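The model shown is predicted, which means the values in this text are computed figures rather than measured ones. Labels below follow one simple rule: chain letters A, B, ... track the order of the sequence lines, proteins then strands, and each chain is numbered from 1.
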Amino acid sequence: LRCCNALLKALLRANSWDMVGTVYQNILDAKMAPDVYTYSTMIHAYCKQGRLEEAKKMLFEMEAKGCSPNVVTYNTLITGCCRKGDLKEAFGLKNTMCGKGLAPDILSYSALVNGLCKNQRLSEARELLVEIENVGLKADEVLYTTLISGFMKEGKIEEAFKLKDEMMVKGIKPNVVTFNSLIHGVSRRGKVQEATKLLTEMREIGLRPNEATYTFVMESYCKEGKMDEVFELLDEMERKNIAPS
RNA sequence: UCUAUGACACUUUUA
C-alpha cells in the first residue's frame with residue numbers, strides 16, 4: 001500500500017489523472033484498504049483538477065469506511081477550496097475539523113490566508129494572523145510571504161514592507177519567495193530603485209535570486225525603458241547558470 | 001531525520 005501511495009503521488013505530480021483512477025481502483029480490487037495517506041492523496045488529486053465535489057465525496061467515503069481524516073486531509077481540502085475561491089466551504093471545513101478535535105495547524109491557516117488574499121480580503125487575512133498567534137501557533141515565513149504578496153497585489157506597498165519588518169522582528173527569516181513577492185510588488189509599480197535595493201539586500205543575507213527574481217527586476221527596468229540594465233541582468237543570469245525551474 | 005497538505009511572474013498540462 002505504501003508503494004501504491006508513492007505511485008499515486010508521482011502520478012498526481014505528473015497530472016496523470018486517468019492513471020490515478022486506475023491505481024486507486026487496483027487498490028480496491030486487490031482488497032487493500034486505502035489508508036489516510038491514500039485518501040488524502042486522492043483528495044489532493046481531485047482538488048488539483050478543481051473537482052471539489054468529488055474531493056468532498058472522498059472525504060465522506062473514507063469516514064464511512066472508518067478511516068479518520070487527519071489534519072493533512074483537511075488541509076488538502078481546505079487548500080483546494082481556497083484555490084477555487086470557495087472560502088465559505090474552506091472555513092466550514094476548518095470548523096468541522098475543530099469540532100472533531102483536530103486543531104488547524106500553520107498550513108491550514110496559510111491556505112486560508114492565501115484564499116482571503118486572493119479574494120482581496122486583506123483585513124480578514126490580517127485578523128487570521130492574530131488568531132494564529134492567539135491559538136499558540138507560530139507564524140512562519142510562508143504565512144508572511146502569503147500576506148506580503150497579497151498586500152502587494154493590491155498596491156499596499158507600505159503595508160507589505162511593514163509585514164516584512166514585522167516578521168524580521170519576530171525572528172522569522174524572509175526567503176527567496178518573500179523577496180520575490182516584494183520585488184514583484186515594487187516592480188509592477190515601476191520602482192526600479194526599490195527593486196534593486198531589495199535585490200542587493202537579499203544577496204547580502206545570502207539568498208540566491210532565482211529565475212523569478214530576475215524576471216521581476218527586469219520588469220521594473222523594462223517599465224523605465226532601461227534595456228541596457230535588462231541585458232546586463234540576462235548576462236548575469238547566464239553567468240550564474242540560473243536554470244529555468 | 002524523508003509515504004500525503006500551505007506562499008512568488010510567465011509558460012505548459014488537466015478542459
Cationic N near anionic O, under 4.0 Å, [X] to [Y]:
X: A:Lys65; Y: A:Glu61; answer: yes
X: A:Glu131; Y: A:Arg126; answer: no
X: A:Glu54; Y: A:Arg51; answer: yes

Would you classify [X] as touching base, sugar-phosphate or nothing, given that sugar-phosphate means primed atoms plus P, OP1 and OP2, and contacts are heavy atoms under 4.0 Å?
X: A:Leu8; result: nothing
X: A:Thr215; result: base
X: A:Thr146; result: sugar-phosphate

- prompt: OP1 or OP2 of B:U3 sitting under 4.0 Å from any side-chain N/O of A:Lys9?
  reply: no

message: If the cut-off is 4.0 Å, is A:Lys118 near the phosphate of B:A7, judged by side-chain N/O to OP1 or OP2?
response: no

- request: Report the distance from atom OG of A:Ser149 to atom CG of A:Asn114, rounding to the nearest 0.5 Å.
  value: 7.0 Å

Any N or O donor-acceptor pair linking the side chain of [X] to the base of [N] at under 3.5 Å?
X: A:Asn70; N: B:A4; answer: yes
X: A:Asp140; N: B:G6; answer: yes
X: A:Asn175; N: B:A7; answer: yes
X: A:Asn15; N: B:U13; answer: yes

Which listed nucleotide ([options]) is nearest to the side chain of [X]?
X: A:Gln49; options: B:U14, B:A4, B:A9; result: B:U14
X: A:Leu107; options: B:U5, B:A4, B:C8; result: B:U5
X: A:Thr76; options: B:U3, B:U5, B:A7; result: B:U5
X: A:Arg2; options: B:C8, B:U3, B:A4; result: B:U3

message: So if I apply the side chain to side chain contact (heavy atoms under 4.5 Å, CB included) rule between A:Thr73 and each of A:Ser40, A:Ser68, A:Cys67, which one comes out positive?
response: A:Ser40

Take atom [atom1] of [X] and atom [atom2] of [N], then tell me their distance rounded to the nearest Å.
X: A:Leu116; N: B:G6; atom1: CG; atom2: C1'; answer: 13 Å
X: A:Leu1; N: B:A4; atom1: CG; atom2: C1'; answer: 12 Å
X: A:Leu11; N: B:U14; atom1: CG; atom2: C1'; answer: 14 Å
X: A:Lys138; N: B:G6; atom1: NZ; atom2: P; answer: 23 Å
X: A:Arg83; N: B:U5; atom1: CZ; atom2: P; answer: 10 Å
X: A:Tyr46; N: B:U5; atom1: OH; atom2: C1'; answer: 18 Å
X: A:Ile132; N: B:A7; atom1: CD1; atom2: C1'; answer: 13 Å
X: A:Lys48; N: B:U12; atom1: NZ; atom2: P; answer: 16 Å

query: Between A:Trp17 and A:Ala212, who's closer to the 5' end of RNA chain B by nearest nucleotide?
result: A:Ala212

query: Quick one: on RNA chain B, does A:Ile106 or A:Asn5 contact a more 5' nucleotide (nearest heavy atom)?
result: A:Asn5

- prompt: Counting heavy atoms not belonging to A:Arg189, are there more than 12 under 6.0 Å from its CZ?
  reply: no

